[in-house]
Amino acid sequence: MVRRLIGLSVLVLFLAIIVQVYMDTNDFQVVEVQFQTRKVPSGSELRILQISDLHNKIFGKDNEPLVEAIHQANADIIVITGDLIDRRTQDLGPVLSLADRITAKHPQVYFITGNHENANPLRQKLLDGLTARGVIVLDNRNVEIMVRGVTFTLAGVGDGSLMKLDEAFDGIDLDDYTILLSHRPDIVVRYGDVPADLILSGHTHGGQVRLPFIGAIYAPNQGWFPKLDKGTYRIAGERYLYIDSGLGTSHLPIRFLNKSQMSLIKIVGTL
């Protein structure tokens, strides 16, 4: 009797883990995060939808649930922080179709490359396709954006050896609220004092597999039990790093206790 109960308990636990893995990997959520700043007028707000590390994954039929969630987020701008495709992706059709449907309703969409774009032979074809659809590629440059009369600066860097922080910040007025897109969060280790109010990153997948009380087991470029895995980190004063754990997977096609996600980031002016 005891053995049967133990066996039944193990079976139930195994099935629960399988269900959790399936849901975390194949369903997604929109996580809301808020940052306050005294650099913009009190009560003003910028809404940014961050999409990261899709790795060419398709949710539902032709990404319809994903497109609908993107529209419903009602963001002022959309930023894609790298690894829209995987290094092994051979068909750009799904991501270019996704870009078509996003830009049809959202004219301000910005993209930086990740390590998987840079390792894929179709890199330039992807960049050309995104540009043709109105997506602004922001590798190593910056733009000013105005939302309801308030000016923000949005900068981006290329990934890895293509990262050129001095070019990304060329001509920036740091009195404006400045957002930096960097695929890799370890830019704060590589460069130390990055002059941005907010850095938006991905790359880690939140560890992809997480354990209770431990968190991420492994993250690329950081190894086992990474310190920068997902969520918000204070850099200094009112400057922050935010790591989105992303939508897709790489290496192992599973997530556990780390649901696929996008992030709706609100930057709110305060006194």
Side-chain angles (χ1 to χ4, degrees), residues 33 35 37 39-41 44-52 54 70 73-84 95-96 98-100 102-114 117-118 123-124 126-160 162-185 187-188 191 193-203 235 238-244 262-269:
V33 187
F35 297 93
T37 179
K39 284 192 170 184
V40 302
S44 59
E45 180 181 90
L46 173 66
R47 295 167 60 92
I48 304 171
L49 183 66
Q50 182 184 4
I51 300 170
S52 199
L54 181 65
I70 291 169
N74 194 31
D76 297 307
I77 66 171
I78 295 172
V79 300
I80 305 172
T81 47
D83 286 0
L84 188 57
V95 293
L96 293 180
L98 179 63
D100 265 328
I102 293 174
T103 54
K105 291 189 176 181
H106 303 278
Q108 294 195 68
V109 181
Y110 302 89
F111 172 80
I112 57 165
T113 53
E117 277 91 17
N118 291 333
R123 176 185 186 276
Q124 192 57 51
L126 171 68
L127 297 183
D128 292 342
L130 292 175
T131 301
R133 288 159 175 81
V135 177
I136 298 171
V137 179
L138 212 56
D139 283 10
N140 302 321
R141 65 192 192 98
N142 64 77
V143 295
E144 279 192 355
I145 58 176
M146 183 167 290
V147 176
R148 292 178 288 279
V150 180
T151 300
F152 298 84
T153 299
L154 185 65
V157 289
D159 185 71
L162 301 178
M163 182 185 295
K164 299 178 181 179
L165 194 66
D166 55 341
E167 292 183 14
F169 278 83
D170 184 41
I172 283 181
D173 183 354
L174 294 177
D175 288 335
D176 292 333
Y177 191 92
T178 302
I179 303 145
L180 175 66
L181 310 181
S182 171
H183 180 64
R184 302 185 191 222
I187 188 173
V188 298
Y191 284 99
D193 188 24
V194 179
D197 298 290
L198 177 62
I199 302 172
L200 300 181
S201 292
H203 188 55
I235 301 172
E238 295 183 354
R239 294 187 289 127
Y240 296 91
L241 164 69
Y242 177 74
I243 306 171
D244 180 81
M262 299 181 287
S263 294
L264 181 59
I265 299 157
K266 300 177 183 178
I267 299 168
V268 178

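Only heavy atoms go into these numbers, but all of them, side chains included; no hydrogens, no water, no symmetry mates. Because the structure is a prediction, the values reported are computed rather than measured.
With sequence neighbours left out, Glu45 forms a side-chain contact (heavy atoms from CB on, under 4.5 Å) with Arg47, Lys266, Val268. The side chain to side chain donor-acceptor pair (under 3.5 Å) check on Ser201 picks up nothing, with sequence neighbours excluded. For Asp193, the side chain to side chain donor-acceptor pair (under 3.5 Å) test picks out Arg239, with sequence neighbours left out. Scored by the side chain to side chain donor-acceptor pair (under 3.5 Å) test, Arg133 finds Asp100 as partners (sequence neighbours excluded). Listed by chain and residue number, Lys39 satisfy the side chain to side chain donor-acceptor pair (under 3.5 Å) test with Asp197 (two or more places apart in sequence, or in another chain).
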Go through the steps to decide whether Val79 and Ile51 satisfy the test side-chain contact (heavy atoms from CB on, under 4.5 Å), and finish with yes or no.
CA-CA 6 Å; Val79 300; Ile51 300 170; over 6 Å; no

Show your working on side-chain contact (heavy atoms from CB on, under 4.5 Å) between Val157 and Asp139 and close with a plain yes or no.
CA-CA 5 Å; Val157 289; Asp139 283 10; over 6 Å; no

Would Asn118 and Leu162 count as a side-chain contact (heavy atoms from CB on, under 4.5 Å) if you check the C-alpha gap in whole Å, the side-chain angles of each, and the deciding distance to 0.1 Å?
CA-CA 9 Å; Asn118 291 333; Leu162 301 178; 3.8 Å; yes

side-chain contact (heavy atoms from CB on, under 4.5 Å) between Leu46 and Tyr177, intermediate numbers included
CA-CA 11 Å; Leu46 173 66; Tyr177 191 92; 5.9 Å; no

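Using a 4.5 Å heavy-atom threshold, the side chains of Leu96 and Leu130 count as touching. Taking 4.5 Å as the limit, every side-chain heavy atom of Met146 sits out of range of all side-chain heavy atoms of Val150. A 4.5 Å side-chain heavy-atom check between Val143 and Thr153 finds every atom pair outside the cut-off. Under the 4.5 Å side-chain criterion, counting only non-hydrogen atoms from C-beta, Leu264 is not in contact with Asn74. Side-chain atoms of Ile267 and Leu198, non-hydrogen and from C-beta on, do get closer than 4.5 Å to each other.
Under the 3.5 Å distance criterion, the side-chain polar atoms of His183 are left unmatched by any main-chain donor or acceptor of Thr113. For Asp83 (side chain) and Ser52 (main-chain N/O), no donor-acceptor pair under 3.5 Å exists by modelled atom type. Between the side chain of Thr178 and the backbone N or O of Leu174, no donor-acceptor pair lies under 3.5 Å. Distance alone, capped at 3.5 Å, places no donor-acceptor pair between the Asn142 side chain and the Ile172 backbone. Of the possible donor and acceptor atoms, none in the side chain of Glu167 sits under 3.5 Å from a partner among the backbone N and O of Lys164. For Ser44 (side chain) and Val40 (main-chain N/O), no donor-acceptor pair under 3.5 Å exists by modelled atom type. A donor-acceptor pair under 3.5 Å is formed between the side chain of Glu117 and the backbone N or O of Leu84.
Going from atom OG1 of Thr131 over to atom CZ of Phe111 covers 9.5 Å, rounded to the nearest 0.5 Å. Note that CD1 of Ile136 is 4.0 Å distant from OH of Tyr110, once rounded to the nearest 0.5 Å. With rounding to the nearest 0.5 Å, the separation of CG in Leu180 from CG in Leu165 is 6.5 Å. Remark: Tyr240 OH to Ile235 CD1 distance equals 10.0 Å, nearest 0.5 Å.
Partner of Ile78 under the side chain to side chain contact (heavy atoms under 4.5 Å, CB included) criterion, chosen from Gln50, His106, Gln108: His106. Of the listed residues (Leu49, Val109, Leu98), just one forms a side chain to side chain contact (heavy atoms under 4.5 Å, CB included) with Ile80, and that residue is Val109. Of the options Leu154, Val33, Leu181, Ile179, a side chain to side chain contact (heavy atoms under 4.5 Å, CB included) to Ile48 is made by Ile179 and by none of the others.
Residues Tyr242 and Ser263 approach most closely at OH-OG, 2.7 Å, considering heavy atoms. Summarising the geometry of Val194 relative to Val188, their closest heavy-atom pair is CG2-CA, 4.4 Å, with the distance given to 0.1 Å. Shown here for Ala196 and Phe169, the closest heavy-atom pair between the two residues is CB-CZ, 4.0 Å. Between Pro185 and Ile243, the closest heavy-atom pair is CB-CD1, 3.6 Å.
Pairs of residues two or more places apart, or lying in two chains, never qualify as salt bridge (charged side-chain N to carboxylate O under 4.0 Å, His left out) while including a residue from residues 168-179.
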